[in-house]
Amino acid sequence: MNKEKIAEIFEKISELLEIKGDNLFKIRAYLNASRVISQFPGNIEDAVLKGEMSKIPGIGKDIASKIEELVKTGRLIYYEELKKSVPEGIFELLKLRGLGPKKTKILYEKLGIKNIADLKTALEDKKLLYLDGFGEKTVSNLTESIKEYNNFKERYLYPEAQLEAGLIISYLLEAAGSLISNIEIAGSLRRKLETVGDIDIVIASKSSAIAEVFLKYDKIAHIESNGDTKISIVLENGMRVDLRIVPPEDYIYALHHFTGSKLHNEELRSREKKHGYKINEYGIYKTEYNKIIVADEKDFYNVFNMQFIPPELREGAGEIEEALKHDIPELINIKDIRGVFHVHTSYTDGKESLEEMVKTALELGFEYIGITDHSVSAPYAHGLSADELNSEIEHIDRLNKQYEGKITILKGIESDILENGDLDYGNETLSKLDFVIASVHSRFNMHKEDMTARIMKAIKNPYTTMLGHLTGRLLLERKEYEVNISAVIDTLSEYKTIVELNANPKRLDIDWRYIKEAISKSVMLSINPDAHNKKGFDVIEYGVNAARKGWTTKNDVLNTYGINEVLNKIKTIREYKLNKSV
DNA sequence: GCCGTTTTCGGCCCGACTGTTTTCAGTCG
Ligand SMILES: Nc1nc2c(ncn2[C@H]2C[C@H](O)[C@@H](COP(=O)(O)OP(=O)(O)OP(=O)(O)O)O2)c(=O)[nH]1
Ligand SMILES: [Mg+2]
Ligand SMILES: [Mg+2]
Ligand SMILES: [Zn+2]
């Protein structure tokens, strides 16, 4: 039982308790525990065995024992009992905008509505109007909510939302720039989360006229709410946008509030409340009339003797403690990236020739480029036979002479990890290469233990320099294959093997939530573009975002080093493992 | 249910917007 599943169960418990009408703080405790578990930076099974769960803030004796039950038996009797009283479809009903636990309960108890389909029928039959608290507006809003639920995604990839947010900001600046003293993306998008539920934007303006300007944006399909300081809309493509408008003097407080995360805000506010501060989106107050003025977010945190916390770290995952100790490290920046590994060419499924990819890397200022086409067992991608790989190697040798002094081309392969954990070529071929990325591209549905063993064996192979996309996930499309990530990280550590952070915005794999664990076990990262065309290098940005979310510093990442250090490091890995295996 | 440097009870972040409730509960951020 992994932490995602455990977190999901506690989230559902909180929803079930809401429906039951249980104590609000108890409900919050479960929801909070769910968030804390999903952020837990380590192996939850180990922590359970060591009896360390209840040491984690937000996990007490009761929830700790429930986690233990889940880890040990795979079930939770308390949850199963709770679920019996409520139909499964209640969870989807709760996802509808405008429908919370109270109304859902009424619909279920009074009209027997058990899921969205039931609700749709009841709406069409105008049955809701007979209920107390349900009027014409509620009916039309729920009808609209069902449409949105059916037609639109719940979350979007970071780059889609980033693009859309940029368009909105450009529009606002163009249409009403003089009214705007500050404008910034906030919410999960500012925190660089890999997927976002909506676009949050904060505006500082002296004039409320800016709201009118926003509402004239031509891509707005639906206005959900429209207040004095807050507007929520849905775009034609289904993306939701929240706009928050505040007077210029309140901007920093509003930006901080709206950046979140919710957990971060709650933690900061409750902690500082004990020290006599009140924090909201309009200010920091020591006493009611004594607003503390700050010029920027650095000042904001400094009020509480905290180090500035970069937005990427504001997930309520221990950042406040570290900021108090001034232990937040200098995070990696995109300018620290000096070269790239994991580049495909027209030798296999890349769209550009080898030389074009090299030229592009050179233009982008990279000092080295590690070429990795697909291996023989990847026929879908025209995987290279040993002979074909030899040709590519010779080609790289020629290009290295041609580009000497400009860029170094490293010879690599993205080798499939076969079902038995072997790599795709013999040692003779592999030893001609500078480095090898080993990735799983087949048989995703193996049992967890088998998949873990398969990957562990590949890591132990002396020629494996780094492990490619650890879980094979495609965000919002394909779930990760089952694998014991902590066991894999331990093996990477033991065999000094590097882990890829695949920068493709659909992958971002290794997940940033596991990066802290990897780094704490001295596993080095490589932020790889997995480029298949010239544009493919640009995704490095997303990889760096994810790395920052995982508290990564420059020195934790292979491709922040110069070519000589890189060559040295990858050689050392191979030698270390060759020695270890004899 | 969790938590404690005002501790083992009595608090728990704080506010905006909407609809139908004539005074605020529900939902959401
Ligand atoms: N203090 C406080 N702030 C909140 C609360 N809920 C949301 N916020 C703030 C922090 C959030 O980052 C910000 C935007 O809310 P969203 O619901 O859009 O969440 P966020 O953008 O973090 O994630 P998302 O990807 O949109 O689901 O508003 C809350 O309950 N209390
Ligand atoms: Mg958001
Ligand atoms: Mg929002
Ligand atoms: Zn690849």
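Predicted model, so just to flag it, every value in this text is computed and none were measured. Note on naming: letters A, B, ... go to the chains in the order of the sequence lines (proteins, then strands), and numbering restarts at 1 for each one.
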### Query
Would you call K298(A)-D296(A) a salt bridge at under 4.0 Å N-O?
no
### Side-chain donor or acceptor of S145(A) paired with backbone N/O of R97(A) under 3.5 Å
yes
### Query
Picking from dG15(B), dC3(B), dC12(B), which would you name as closest to the side chain of E281(A)?
dG15(B)
### Side chain proximity check, K153(A) to E160(A), heavy atoms < 4.5 angstrom
yes
### Message
Can you tell me which nucleotide in dG1(B), dC17(B), dC14(B) comes closest to the side chain of I63(A)?
### Response
dG1(B)
### Query
What residues in residues 301-314 of chain A put a non-hydrogen atom under 4.0 Å from any atom of DNA chain B?
none
### Task
Side chain of A29(A) only, please: which of dC12(B), dC2(B), dG29(B) is the nearest?
dC2(B)
#### Entry: Inter-nucleotide C1' distance (dC3(B), dT8(B)), Å rounded
9 Å
### Task
Between dT20(B) and dA25(B), how far apart are the C1' atoms? Round to whole Å, please.
10 Å
### Task
Just jot down the side-chain hydrogen bond (donor to acceptor under 3.5 Å, both in side chains) partners of D490(A), sequence neighbours excluded, or say none.
K521(A)
### Task
Consider the side chain of T229(A), meaning its heavy atoms from C-beta on, and name the nucleotide among dA16(B), dG29(B), dC12(B) that approaches it most closely.
dA16(B)
### Contact residues, residues 132-161 of chain A to DNA chain B [heavy atom, < 4.0 Å]
G133(A), F134(A), G135(A), E136(A), K137(A), T138(A), N141(A)
### Query
Choosing from dC17(B), dG29(B), dC14(B), which nucleotide comes nearest the side chain of N280(A)?
dC14(B)
Listed pairs under 3.5 Å, donor-acceptor, residues 230-240 of chain A side chains, sequence neighbours left out:
| unit_1 | atom_1 | unit_2 | atom_2 | d |
| --- | --- | --- | --- | --- |
| S232(A) | OG | D242(A) | OD1 | 2.7 |
| N237(A) | OD1 | M239(A) | N | 3.0 |
| N237(A) | ND2 | E164(A) | OE1 | 3.2 |
| R240(A) | NH2 | E154(A) | O | 2.9 |
| R240(A) | NH2 | G197(A) | O | 2.9 |

### Euclidean distance for C1', dT6(B) against dG1(B) (whole angstrom)
23 Å
### Task
With a 4.0 Å heavy-atom cut-off, tell me which residues in residues 12-27 of chain A come close to DNA chain B, sorted by residue number.
N23(A), F25(A), K26(A)
### Between H264(A) and E267(A): side-chain donor-acceptor atoms closer than 3.5 Å
no
### Task
Step through the shown structure and confirm whether more than 12 heavy atoms of other residues, nucleotides or ligands are within 6.0 Å of NZ on K516(A).
yes
### Query
Using a heavy-atom distance cut-off of less than 4.0 Å, which residues of residues 88-103 of chain A contact DNA chain B?
L96(A), R97(A), G98(A), L99(A), G100(A), P101(A), K102(A), K103(A)
### Query
How are the rings of F308(A) and Y301(A) set to each other: parallel, tilted or perpendicular (split at 30° and 60°)?
perpendicular
